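Values in this document were obtained by computation on a predicted structure and should not be read as measured data.
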Amino acid sequence: MIKHIVMWKLKEEANGATKQENATEIKRRLESLVGIIEEIKALEVGVNCNTEDAAAYDACLISEFETIEALGRYQVNPEHKKVSAFVKEVRVSRTVVDFEF
């Protein structure tokens, strides 16, 4: 099994929405992929409630896949690419880690 973790720092404002609104929209869009992309075995998205720490990221994805190949198929899926395009518009930075468990 592969655990795929991604964290984003978001722009204060983008696409006519606040950072908080965009974080919530990222959560909604990613969670909507469950049941659409069969490779997803588990998916959880959190919006950071710690607004005081400048080092804190704004949103986090924790997802699970059977294999690294399944993760690759998820990443090129057209539905995931739509979500990814939105995230790229509203983020400042991204960090990721994938590991076997």
Side-chain angles (χ1 to χ4, degrees):
M1 293 286 290
I2 301 294
K3 194 160 294 235
H4 174 63
I5 301 172
V6 185
M7 294 186 298
W8 303 276
K9 285 192 181 228
L10 304 180
K11 297 174 183 175
E12 288 298 322
E13 190 171 312
N15 290 0
T18 66
K19 179 191 298 192
Q20 183 69 28
E21 291 167 334
N22 283 325
T24 300
E25 183 63 13
I26 289 170
K27 177 178 173 63
R28 186 193 69 73
R29 290 184 187 207
L30 284 168
E31 289 175 346
S32 76
L33 298 177
V34 176
I36 293 174
I37 300 177
E38 67 182 58
E39 285 83 3
I40 299 170
K41 297 303 174 196
L43 184 142
E44 181 178 6
V45 181
V47 175
N48 191 4
C49 59
N50 176 359
T51 58
E52 300 302 315
D53 188 342
Y57 281 71
D58 301 304
C60 178
L61 164 69
I62 302 169
S63 52
E64 296 177 4
F65 301 86
E66 287 288 334
T67 64
I68 197 75
E69 293 80 15
L71 171 59
R73 289 190 301 275
Y74 157 79
Q75 291 173 322
V76 299
N77 182 291
E79 294 304 313
H80 173 264
K81 288 200 164 272
K82 289 177 192 175
V83 176
S84 182
F86 171 76
V87 174
K88 285 177 184 175
E89 292 176 1
V90 302
R91 72 177 167 120
V92 173
S93 63
R94 170 185 177 268
T95 191
V96 62
V97 64
D98 300 315
F99 62 90
E100 290 185 89
F101 69 101

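- Rounding to the nearest 0.5 Å places NZ of Lys81 at 6.5 Å from NZ of Lys88.
- Every residue two or more places apart in sequence or in another chain was checked for a ring-ring contact (aromatic ring centres under 6.0 Å, His included) with Tyr57, and none qualifies.
- Distance check: Leu30 CG to Ile37 CD1 gives 9.0 Å after rounding to the nearest 0.5 Å.
- Shown here for Asn48 and Ala56, the closest heavy-atom pair between the two residues is ND2-CB, 3.1 Å.
- In this structure, CD in Gln20 is found 8.5 Å from OG1 in Thr51, a value given to the nearest 0.5 Å.
- If you take CD on Glu12 and CG on Asn22, they are separated by 11.0 Å, rounding to the nearest 0.5 Å.
- Cluster annotation: Val83 is not connected to Val47 through the hydrophobic network of ILVMFWY side chains, with a link wherever side-chain heavy atoms come within less than 4.5 Å.
- Connection of Met7 to Phe65 is not established within any shared hydrophobic cluster, with ILVMFWY side chains joined at heavy-atom distances below 4.5 Å, either directly or through further cluster members.
- In the hydrophobic cluster analysis, where Ile, Leu, Val, Met, Phe, Trp and Tyr join through side-chain heavy atoms closer than 4.5 angstrom, Val6 is grouped together with Val45.
- Note: Glu79 CD to Ile36 CD1 = 6.0 Å, rounded to the nearest 0.5 Å.
- One hydrophobic cluster, built from ILVMFWY side chains closer than 4.5 Å, holds both Leu33 and Phe86.
- Applying the ring pair (Phe, Tyr, Trp, His ring centres under 6.0 Å) definition to pairs two or more places apart or across chains, none involves residues 18-45.
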In residues 93-101, what donor-acceptor pairs under 3.5 Å come from side-chain atoms, sequence neighbours left out?
unit_1, atom_1, unit_2, atom_2, d
Asp98, OD1, His4, ND1, 2.4

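- Checking each of Lys27, Arg91, Lys19 against Asp58 for a salt bridge (Lys or Arg N to Asp or Glu O under 4.0 Å) leaves exactly one that passes, namely Lys19.
- Counting heavy atoms from C-beta outward, Ile5 and Cys60 have side chains that approach closer than 4.5 Å.
- Inter-residue side-chain proximity for Leu43 and Glu31 is flagged as met; some heavy-atom pair is nearer than 4.5 Å.
- With a 4.5 Å cut-off on side-chain heavy atoms, Lys11 and Val90 do not count as touching.
- Atom CG of Asp53 and atom CG of Asn50 lie 5.0 Å apart (nearest 0.5 Å).
- In this structure, Arg73 does not pair ionically with Glu69, as no charged nitrogen and carboxylate oxygen lie closer than 4.0 Å.
- When the side chains of ILVMFWY residues are joined at heavy-atom separations under 4.5 Å, either directly or via intervening members, Val87 and Ile40 end up in a single hydrophobic cluster.
- Between Leu10 and Ile26, the closest side-chain pair of non-hydrogen atoms falls below 4.5 Å.
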